Structure formats: structure tokens, C-alpha cells
J.: 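Right, I'll just put the structure down here and ask away after.
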Amino acid sequence: MHVTFHVHSASPVSWYFARELLAEGVYRATGSGDVRIWPSTVGGRGLLTVMLRSLEGDVLLQADASTVAEWVRRTEELVPPGTELVHHQVDRVLRELLADGSTPGA
């Protein structure tokens, strides 16, 4: 996974982490250092909370946990766990994955 934010700094701030962190984070706290993910509930709604830390600042993101879990499931259908390096056409796979216009947290 790759997330980039354009903040008030000389260059964008990027984080890279394994999709397994998202999958595990739906059920229990995971990650360390700059990327930490855990499940939470607000108003009875299951959320996935992602905390990203950098020298430029911190960001706390929340997304619907079931939406993220479904997105991870769909990525695993297209690129099964353990076969990521075999798939060289990442842009094509991402276009297929997002073809219906859905994204986590949208």
C-alpha cells in the first residue's frame, strides 16, 4: 500500500506498508513505528483507524472497517497473497480493482 500527502513542506510525505496490515487491522491493533492500524467503533459503526507519523506531522485516518475488509478481499482475488512479485502489470490490476469506482472510506 502506498499513501502520499501533499503537505506544507518541500516535498510530499509518503508511507508504504503491506496490505496485510489493513487486513489484520480490521480485527486487532497492528503495525509499529510510523504506521499503526487498529479497529475502533464510533456510534456503533466499526471503523479502521490508521495513524501515520512522520517528521512533517501525524495524520489519523478512519474508514468503514467492512469497506476496507472487502477491498482487501478483492485485492487478494486479483493478486493472491504471496504472488505480489509475480504480477508486473500493477497499473492494469489497480484499474480493474477500482473499475466500479469504489475506494475504501469513500
Side-chain angles (χ1 to χ4, degrees):
M1 306 305 308
H2 172 217
V3 177
T4 298
F5 291 94
H6 297 270
V7 295
H8 301 289
S9 64
S11 60
V13 179
S14 295
W15 289 270
Y16 297 86
F17 53 95
R19 70 177 168 188
E20 289 79 18
L21 284 175
L22 290 176
E24 186 175 333
V26 171
Y27 303 104
R28 66 188 142 276
T30 188
S32 62
D34 295 340
V35 179
R36 295 176 187 232
I37 303 173
W38 64 92
S40 56
T41 305
V42 174
R45 180 176 170 215
L47 298 174
L48 180 72
T49 302
V50 179
M51 182 179 69
L52 305 171
R53 304 188 82 169
S54 78
L55 296 175
E56 298 295 330
D58 302 341
V59 64
L60 188 66
L61 308 168
Q62 290 186 315
D64 181 80
S66 62
T67 301
V68 173
E70 176 62 16
W71 184 83
V72 169
R73 185 193 66 73
R74 290 176 56 209
T75 68
E76 290 174 345
E77 284 179 1
L78 291 171
V79 181
T83 67
E84 293 86 356
L85 295 178
V86 174
H87 296 272
H88 296 288
Q89 297 181 3
V90 174
D91 290 339
R92 180 189 57 78
V93 171
L94 287 173
R95 279 193 302 276
E96 290 174 13
L97 179 65
L98 300 173
D100 68 1
S102 66
T103 57

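We number each residue from 1, following the sequence as shown. Quantities reported herein were computed from a predicted structural model and do not represent experimental measurements. Basis for what follows: all heavy atoms, side chains included, without hydrogens, waters or symmetry-related copies.
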J.: Listing request: all salt bridge (Lys or Arg N to Asp or Glu O under 4.0 Å) pairs with a residue in residues 37-54, at least two apart in sequence or in separate chains.
T.: R45-D64, R53-D58

J.: If you look only at pairs with a residue in residues 27-39, which of them pass as a salt bridge (Lys or Arg N to Asp or Glu O under 4.0 Å), with sequence neighbours excluded?
T.: E24-R28

J.: With a 4.5 Å limit on heavy-atom distance, are the side chains of V79 and R19 in contact?
T.: yes

J.: Looking at A63 and V68, what are the two nearest heavy atoms and their distance?
T.: CB-CG2, 3.7 Å

J.: Show the nearest heavy-atom pair for residues T4 and P12, with the distance to one decimal.
T.: CG2-CB, 3.4 Å

J.: Using a 4.5 Å cut-off between side-chain heavy atoms of Ile, Leu, Val, Met, Phe, Trp and Tyr, which other residues end up in the same hydrophobic cluster as M51?
T.: W38, L60

J.: Side chains of V72 and E76: does their closest heavy-atom pair fall under 4.5 Å?
T.: yes

J.: Give the minimum heavy-atom separation between V13 and S54, together with the two atoms involved.
T.: CG1-OG, 3.6 Å

J.: Please walk me through it: do V35 and L21 pass side-chain contact (heavy atoms from CB on, under 4.5 Å)?
T.: CA-CA 9 Å; V35 179; L21 284 175; 4.1 Å; yes

J.: Mind checking whether Y27 and L47 sit in one hydrophobic cluster, side chains of I, L, V, M, F, W, Y counted as touching below 4.5 Å?
T.: no

J.: Indicate yes or no: does R73 engage E70 in a salt bridge with an N to O separation below 4.0 Å.
T.: yes

J.: How close do P39 and A29 get, heavy atom to heavy atom, and via which atoms?
T.: CD-N, 3.8 Å

J.: What distance do I37 atom CD1 and L52 atom CG have between them, rounded to the nearest 0.5 Å?
T.: 7.5 Å

